2 protein chains.
Amino acid sequence: MPTPSMEDYIEQIYILIEEKGYARVSDIAEALSVHPSSVTKMVQKLDKDEYLVYEKYRGLVLTTKGKKIGKRLVFRHDLLEQFLKTIGVKEENIYNDVEGIEHHLSWDSIDRIGDLVQFFEEDQNRIDALKDIQKQFFEEDQNRIDPIKEVQELKEQE
Amino acid sequence: MPTPSMEDYIEQIYILIEEKGYARVSDIAEALSVHPSSVTKMVQKLDKDEYLVYEKYRGLVLTTKGKKIGKRLVFRHDLLEQFLKTIGVKEENIYNDVEGIEHHLSWDSIDRIGDLVQFFEEDQNRIDALKDIQKQFFEEDQNRIDPIKEVQELKEQE
DNA sequence: ACTAAAAGTTTACTATAGAAAAAATAGAGT
DNA sequence: ACTCTATTTTTTCTATAGTAAACTTTTAGT
């Protein structure tokens, strides 16, 4: 089984190849915000585990196995983004959260989240009902004592 | 900010103290399935960062800061368990999945998931409607070609 | 109070993942 | 074909988190 970090690389390589036809070390490094030396190391491991074929200094191509897994990883990532968006998570938090959790959910959970997204897509009333609950909680929060001090305290602690 | 691993320890220590009044090194090691030597090392770091006061060979107590954070971590863990349970994730996957993702979600996402749990709790019809979608997908899956071979192939690849 | 067993700690080691700097290679322009 | 520059690789280093084994302290039973 690939480690979380290996999955990040496979996913990103898949996306790059889809988008521009190839994935060079520097492209991958750029996309994942890591140094090229880290990419080289990981790519050597991915070759050894047969997710891709790597020829040093020349480039790499995904194997059948690598492509199949890459496709599923991208699907999972997109689904999780859609899920968080649907339930109203702020755009600025979505990418990091998905990045953090995507490698840690069973396919059972992913499938159930897929159902859930479908559930909301099918009927706008459901989204509206959820928004109502959020508004209601928001109004309750407004009536708390010392909200600013609370937030500051919590930030200091973490 | 505490690392994921630190959070695991704080959360578990909080639970142990809540349950039996104290948390010894061996209790923590047992609960987290790590060796006592790992616990000692982490507890020293948590003392240094003032989540708890640690006296070697004697024991430890959470500071105010440690207690406040521990409480929130337990709340978050429980909420995520409830969320996965609500959407129909199998019991056997829930613990691992929560363990995997709990340290990687923003409080914004946690709050939105809280709203979502409330949304389903408020009205059993919503849960029923979700179950209908799941049944529908399940029936579609039944009509696929070669499902057993598919599953085997995917398992080999990971 | 003594001593054996249980509990806890220290030290030296493992693996993963990433970074920095130095070395190697490839490819473009002449 | 040559050489310069950009890209890539190697090597050495970092940090986190965990383990194994040797060591120390505490505690319970006599």
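Below, chains carry the letters A, B, ... as their sequence lines are ordered, and counting in each starts from 1. What you see is a predicted model; the values in this text were computed from it and never measured.
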Could you pull out all donor-acceptor pairs under 3.5 Å where a side-chain atom in residues 132-139 of chain B meets a protein atom, sequence neighbours excluded?
residue	atom	partner	partner atom	Å
B:Gln134	NE2	A:Asp115	OD2	3.4
B:Gln134	NE2	B:Ile87	O	2.8

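- Near DNA chain C, meaning a heavy atom under 4.0 Å from it, residues 36-47 of chain B has B:Pro36, B:Ser37, B:Thr40, B:Gln44 in order of number.
- Residues forming a side chain to side chain donor-acceptor pair (under 3.5 Å) with B:Asn96 (at least two apart in sequence, or on another chain): none.
- Place A:Ser5 and B:Glu55 on DNA chain C by their nearest nucleotides, and B:Glu55 ends up nearer the 5' end.
- Pairs of residues two or more places apart, or lying in two chains, that qualify as ring-ring contact (aromatic ring centres under 6.0 Å, His included) and include a residue from residues 58-86 of chain B are A:Phe83-B:Phe83, B:His77-B:Tyr95.
- Note on residues 6-29 of chain B: no pairs pass ring-ring contact (aromatic ring centres under 6.0 Å, His included), not counting sequence neighbours.
- B:Asp97 contributes atom CG, which lies 12.0 Å from atom CZ of A:Arg112 (distance to the nearest 0.5 angstrom).
- One can place CE of B:Met1 at 15 Å from P of D:dT16, the figure rounded to the nearest angstrom.
- Atom pair B:Met6:CE and D:dA15:P shows a separation of 16 Å (rounding to whole Å applied).
- Summarising the geometry, the separation between CZ on A:Arg58 and P on D:dA6 is reported as 20 Å, rounded to the nearest angstrom.
- Rounded to whole Å, atom P of D:dT16 lies 10 Å from atom CG of B:Asp49.
- Residue pairs meeting the salt bridge (charged side-chain N to carboxylate O under 4.0 Å, His left out) criterion with at least one partner in residues 34-60 of chain A, sequence neighbours excluded, do not occur; the list is empty.
- OP1 or OP2 of C:dT16 has not a single side-chain nitrogen or oxygen of A:Tyr9 nearer than 4.0 Å.
- With sequence neighbours excluded, the residues satisfying side chain to side chain donor-acceptor pair (under 3.5 Å) with A:Asn93 are B:Asp108.
- A heavy-atom distance below 4.0 Å to DNA chain C is reached by these residues of residues 13-35 of chain B, ordered by number: B:Arg24, B:Val25, B:Ser26.
- Residue pairs that meet the side-chain hydrogen bond (donor to acceptor under 3.5 Å, both in side chains) test with at least one member in residues 28-40 of chain A, sequence neighbours left out, do not exist here.
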Pairs: protein N or O with nucleotides 23-25 of chain C N or O, under 3.5 Å:
none

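- Checked against side chain to side chain contact (heavy atoms under 4.5 Å, CB included), B:His103 has the following partners two or more places apart in sequence or in another chain: B:Pro4, B:Glu7, B:Asp8, B:Glu11, B:Arg76, B:Glu99.
- Through side-chain heavy atoms spaced under 4.5 Å, either directly or across other Ile, Leu, Val, Met, Phe, Trp or Tyr residues, A:Val53 is tied to A:Val61.
- By the 6.0 Å contact criterion, NZ on A:Lys131 is enclosed, its count of non-hydrogen atoms from other residues, nucleotides or ligands being greater than 12.
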